[in-house]
Amino acid sequence: MESVLFQPLVDALASGQPTAVVDAANLFNAADLAEFIEQNIEGETGRALFKGLPIALRAKVLGYTNPDTQLLLTETTPLAELALLTTEMPSDDRVDFFNLLEEPRQKQLIKKLDQEDQEDLTALLAYPEGTAGALMSTDYAVFESGITASKAIDILRKTAENKETIYQSYVIDEDQVLIGVVSLRRLIIAKPDTVIDSLLATGLVTTHTNTSQDDVARLIAKYDLLALPVVDDHNRLAGIITYDDAMDVIEAEATEDIHKGGTVSNLDSGITLASPFSLYRSRIQWLVILVFANIFTGAGIAHFEEIIGAHLALLFFMPLLVASAGNAGAQSATLVVRGIATGDVVNRDWLRLFNKELLVATALGLSMALTVWVVGIFRTEMVIATIVAITMIAVVLAGGLIGILLPLLLNRMGIDPAAASIPLITTIADVSGVLIYFSIATLILGA
């Protein structure tokens, strides 16, 4: 959003009048207010706006900011005020914020919360990070089995303000066991004395508290759900996960995979807020590893020093061939890693993918070989052009197969296949390309 659109906020803050700040803030969505605050967090403007907001709006805005900003905004907040702020936050955002705090601050804060919020927070904190239990919210609309539609609507009218969503409500029995889900639409159009049990949707989709957040996001995307109910070992309703939380998971996972694909370790914050040391630390490890890996490329060239000295024209085509091998490997690896991430590819598919890549890479290699052969006959003698063309087929085939098999192998070993990053694949393909190229040259030229 262009900064000029935030001018009402800037003007209100400059006036120094609290009511003007609140009036200006009410012109914007909470997500937009969070954006303004993050853009101005280094100065006093962002903090001043945050402190000038009503506590309920402040809690909502805080949920839209990144973790580093949340800590900066609340580091000097008095404990009693911080307790009010966390109480206003949705239960899932409250847990995420609480986990950011230092342990002494956590202990002080939890004592300031009322009994119900303490129990809710403690229960959610018990679930392992990355599971449905850690991601879910306990702010859901729930009815007991056997009540009428009119009674259900009365309950919603009284409690809707504090719920994540009321478009889907959950029906439980006396043991808290989930029976089904009823939509707001069906409640509204039903006759007032209709028992809600007869309005339940069929094909109820649920997930367990221990389900990974990746699988949760896939379920919500697969079934186009507004919210996914989460149950425990006894099928008791524990919470819900809304589609917006699933989108956050998908974005985080995609960011992590992109970082791994570029041999960059995870950053605790975005690049704009990350310190130079954090950026250095996230990149140096793989760069050093790849330096040593590339030594093998140099060793391969040194091994074929004699054939290279006798036919210097071979060197002209080496970068082209090595790059082609790496590019082919990068393409196939990208397809497989993404397929694994979306569930489209599983380990048992390796042979089918291998055979398919064998066919595709051969066709690609032949097409590229023809192109480079035409270039070769104008640049050098026929025999060198032929060697280059044959090598092109071989290195593209090798690169493609490496790109297919390495992610699947890592996945089978329990390692994130995104670790089969593009630089790693291309480095392996580079070494293979050099060895294949000069081995073929040696065989044909007889040197």
Side-chain angles (χ1 to χ4, degrees), residues 18 21-22 25 30-31 33-38 40-42 44 46-140 159 161-165 209 213 230 232 238-242 244-245 248-249 252 266-270 273-275 278:
V21 173
V22 174
L33 294 175
E35 180 184 346
F36 175 84
I37 289 170
E38 290 193 329
N40 297 277
I41 192 63
E42 297 298 333
E44 290 300 317
R47 297 170 191 253
L49 173 61
F50 182 73
K51 292 178 180 178
L53 299 176
I55 194 73
L57 181 55
R58 204 186 311 173
K60 193 172 182 179
V61 168
L62 192 65
Y64 282 104
T65 59
N66 66 57
D68 286 337
T69 302
Q70 289 182 3
L71 289 177
L72 288 172
L73 291 172
T74 59
E75 60 186 352
T76 59
T77 303
L79 202 57
E81 185 178 340
L82 190 62
L84 289 175
L85 185 64
T86 54
T87 298
E88 290 290 337
M89 298 176 74
S91 58
D92 50 344
D93 288 345
R94 184 188 306 142
V95 172
D96 292 338
F97 173 69
F98 189 83
N99 280 325
L100 297 176
L101 304 176
E102 298 290 338
E103 187 174 346
R105 185 94 159 148
Q106 289 180 344
K107 292 179 178 179
Q108 294 171 343
L109 176 59
I110 202 167
K111 291 178 181 178
K112 291 290 185 179
L113 302 178
D114 61 37
Q115 186 67 28
E116 183 178 351
D117 286 335
Q118 283 186 27
E119 293 175 356
D120 181 70
L121 182 59
T122 303
L124 291 176
L125 288 170
Y127 294 106
E129 191 70 23
T131 64
L135 185 65
M136 69 185 182
S137 168
T138 55
D139 301 324
Y140 52 86
T159 62
E161 186 176 358
N162 299 320
K163 305 303 179 186
E164 282 266 344
T165 177
T209 52
Q213 62 181 19
V230 183
D232 62 14
I240 65 169
I241 298 174
T242 53
D244 55 319
D245 292 325
D248 291 340
V249 169
N266 285 338
L267 293 171
D268 295 331
S269 62
L273 293 176
S275 66
S278 296

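Both backbone and side-chain heavy atoms feed into the values below; hydrogens, waters and symmetry mates do not. Note that this is a predicted model, so its numbers are computed, not measured.
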Side chains of [X] and [Y]: does their closest heavy-atom pair fall under 4.5 Å?
{"X": "Tyr140", "Y": "Lys163", "result": "no"}
{"X": "Val95", "Y": "Tyr127", "result": "no"}
{"X": "Val230", "Y": "Leu135", "result": "no"}
{"X": "Val22", "Y": "Pro54", "result": "yes"}
{"X": "Phe98", "Y": "Ile110", "result": "yes"}
{"X": "Phe97", "Y": "Thr65", "result": "no"}
{"X": "Gln213", "Y": "Thr131", "result": "no"}
{"X": "Asp120", "Y": "Arg94", "result": "yes"}

*State, to 0.1 Å, how close Leu57 and Ala25 come at their nearest heavy-atom pair, and which atoms those are.*
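Minimum heavy-atom separation between Leu57 and Ala25: CD2-CB, 4.4 Å.
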*Locate the shortest heavy-atom distance separating Thr74 from Arg105; write the atom from each residue and the value.*
O-NH2, 3.2 Å
*Say whether Ser91 and Thr138, considering side chains only, have a donor N or O and an acceptor N or O under 3.5 Å apart.*
yes
*State, without any angle test, whether Glu119 and Gln115 hold a side-chain donor-acceptor pair at a distance under 3.5 Å.*
yes
*ring-ring contact (aromatic ring centres under 6.0 Å, His included) partners of Phe36, counting only residues at least two apart*: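 Counting only residues at least two positions away or on another chain, Phe36 forms a ring-ring contact (aromatic ring centres under 6.0 Å, His included) with Phe6.
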*Asp92 side, atom CG; Ile240 side, atom CD1 - distance, nearest 0.5 Å*: 8.5 Å
_Point-to-point distance, once rounded to the nearest 0.5 Å, from CG of Asp117 to CG of Leu121_ =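 Here the rounded value is 8.0 Å.
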*asked:* Going by the rule side chain to side chain contact (heavy atoms under 4.5 Å, CB included), which residues pair with Lys51 if we only count those two or more places apart in sequence or in a different chain?
replied: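 For Lys51 the side chain to side chain contact (heavy atoms under 4.5 Å, CB included) partners, ignoring immediate neighbours, are Thr76.
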*Is the number of heavy atoms from other residues, nucleotides or ligands under 6.0 Å of Glu103 CD greater than 12?*
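12 or below, so no.
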*Is it the case that more than 12 heavy atoms not belonging to Gln118 sit under 6.0 Å from its CD atom?*
yes
*Run the salt-bridge test on Arg47 and Glu75 with the 4.0 Å N-O cut-off and return the result as yes or no.*
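The answer is yes: the pair qualifies as a salt bridge.
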*Could I get the full list of salt bridge (Lys or Arg N to Asp or Glu O under 4.0 Å) partners for Arg58, not counting sequence neighbours?*
Glu81
*Measure from the side-chain N and O atoms of Gln106 to the backbone N and O of Leu101, and report whether any donor-acceptor pair falls under 3.5 Å.*
yes
